[in-house]
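Notes follow the structure.
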There are 2 protein chains.
Amino acid sequence: MARPIQFDRSKAVDRALVLFWRKGYQATSLADLLAAMGIGRSSFYAAFTDKRSLFLHCLDLFAQRVTELIDRARAEASPLDALQGFFERSFVGTPSARDHWGCMMVNSVIELAGVDDDLASRASHYLAALQKRFQSLLEEAGAAPSEAGELAALLMLINEGIRVSSRRKLPGAPHLPPIAATFRLIRSAIA
Amino acid sequence: MARPIQFDRSKAVDRALVLFWRKGYQATSLADLLAAMGIGRSSFYAAFTDKRSLFLHCLDLFAQRVTELIDRARAEASPLDALQGFFERSFVGTPSARDHWGCMMVNSVIELAGVDDDLASRASHYLAALQKRFQSLLEEAGAAPSEAGELAALLMLINEGIRVSSRRKLPGAPHLPPIAATFRLIRSAIA
DNA sequence: TGAATTCTGGACCAATCGGTTCACAATCGC
DNA sequence: GCGATTGTGAACCGATTGGTCCAGAATTCA
């Protein structure tokens with residue numbers, strides 16, 4: 001009946017995700033997307049409805065992958081180590097290009113607040129969920145709920161700061177000492 | 001010879017600054033600017049060259065006003081109180097609309113990195129200058145230079161985080177406890 | 001008042017934007 | 001093979017983008 005194999009959908013989405021992550025929503029033109037995804041206009045609209053829908057999909061995907069990242073770390077380490085690893089891992093080892101892309105949720109909140117509030121608030125919602133995850137890890141580590149809430153709020157602030165900072169392409173790894181200091185504070189508060 | 005009084009230039013720039021601050025560079029169209037500034041197209045180009053130049057000017061102005069803000073606080077309080085006030089003042093008292101606009105330098109870094117690197121790196125440069133100001137205030141408060149450097153880096157992370165967070169229009173004032181916790185840490189580190 | 005100068009509203013421009021349409025090519029069941 | 005079905009490239013669309021241009025209004029000097 002039909003043509004079974006078209007283009008590799010998940011690969012195309014990945015390419016789009018990278019573009020949106022790096023350049024944001026507005027600066028990524030349809031032409032950019034088509035070139036990166038290696039497909040034509042009509043295939044694009046047939047498969048993804050429109051640019052905004054695809055962005056939404058990529059944003060969801062990004063959030064999902066971030067939580068997977070934490071879950072995987074948690075499976076291999078203590079709650080606090082997993083948490084600290086989540087902050088430090090982004091900046092150690094082989095410096096990848098991604099290190100300078102920040103966080104797509106943070107980027108979207110900044111770029112789209114006041115421009116497309118639906119997209120911005122969805123990104124903000126995902127950040128709130130991430131903060132909840134921070135909190136539950138802190139509670140697993142023995143913090144009282146209220147204390148875990150406050151510390152999670154602090155960690156989210158640090159997280160947002162790190163993602164902004166990483167977009168600045170500063171030389172060296174200037175975020176590591178503040179991260180270490182923050183976790184010293186957290187560990188001493190919990191113990 | 002000429003027509004002496006035209007439109008109020010500084011007022012027009014202020015209006016443009018607010019627009020760029022709220023909506024960012026790309027989402028602010030020329031039509032938006034002209035409407036807000038209350039001037040015509042030709043006057044705009046005669047006075048400000050083009051949109052990008054005006055944005056640059058507004059960014060410079062924003063950075064200058066932020067440093068003035070700190071200087072004024074410093075004139076009336078101790079180094080540490082001035083510093084803490086800079087972080088807390090943005091969110092207490094009458095909640096103004098500005099509270100949700102974040103920081104134009106942070107916004108520009110996020111929006112324009114990878115899109116217009118010259119603009120982005122200028123914004124980043126101003127953030128670096130602000131961090132230096134943090135550091136000198138910490139040194140004034142008695143911190144050793146190396147320690148002041150690390151604490152200033154932490155404060156810049158918190159600062160960036162706060163500005164991101166403020167764009168999310170979260171209910172309440174969820175940033176105050178983390179700020180307080182951070183300054184407890186700083187004060188105990190210095191004392 | 002009249003000439004000189006300057007500022008400005010609005011018409012105009014090419015380029016680009018995201019999105020639609022359609023004829024054709026490619027693959028399927030048979 | 002052949003008809004049916006479906007994915008796709010390319011032409012096309014109106015809207016909007018940032019930017020230019022110029023005729024005329026406004027103001028100053030003489």
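Just so it is clear: chains get the letters A, B, ... in the order the sequence lines come, proteins before strands, and each one is counted from 1.
- Put simply, CG on A/Leu30 is 12 Å from C1' on C/dT20, counting in whole angstrom units.
- Distance B/Leu34 CG to D/dT20 C1': 14 Å, rounded to the nearest Å.
- Between C/dG9, D/dG18, C/dT21, one nucleotide has an atom nearer to the side chain of B/Ser42 than all others, and that is C/dG9.
- Of the candidates A/Arg22, A/Arg15, A/Lys23, A/Lys23 is the only one forming a salt bridge (Lys or Arg N to Asp or Glu O under 4.0 Å) with A/Asp32.
- The distance between atom CZ of B/Phe48 and atom C1' of D/dG19, rounded to the nearest whole Å, is 16 Å.
- No donor-acceptor distance shorter than 3.5 angstrom exists from the side chain of B/Glu139 to the backbone of B/Ala148, with no hydrogens or angles considered.
- Side-chain proximity of A/Lys51 to the nucleotides C/dG18, C/dT8, D/dG19 is greatest for C/dG18.
- Look at OH on A/Tyr45: it is 17 Å from P on D/dA10, rounded to the nearest Å.
- Centroid-to-centroid, the aromatic rings of B/Phe87 and B/Phe183 come within less than 6.0 Å.
- Checking C/dG10, D/dA10, D/dT17 against the side-chain heavy atoms of A/Arg41 singles out D/dA10 as nearest.
- In this model, the phosphate group of C/dT8 is approached by a side-chain N or O of B/Ser43 to a distance below 4.0 Å at OP1 or OP2.
- The aromatic rings of A/Trp21 and A/Phe62 sit perpendicular, their planes meeting at an angle over 60°, well past the 30° parallel limit.
- B/Thr49 comes within 4.0 angstrom of no nucleic acid atom, judged by non-hydrogen atoms across all strands.
- To the nearest angstrom, C1' of D/dG18 lies 14 Å from CG of B/Asp116.
- What separates CG of A/Leu33 from C1' of C/dG19 is a distance of 13 Å, to the nearest Å.
- Rounding to whole angstrom units, CZ of residue B/Phe44 and P of D/dT20 are separated by 11 Å.
- Whole-Å rounding puts the A/Arg9 CZ to D/dG7 C1' distance at 14 Å.
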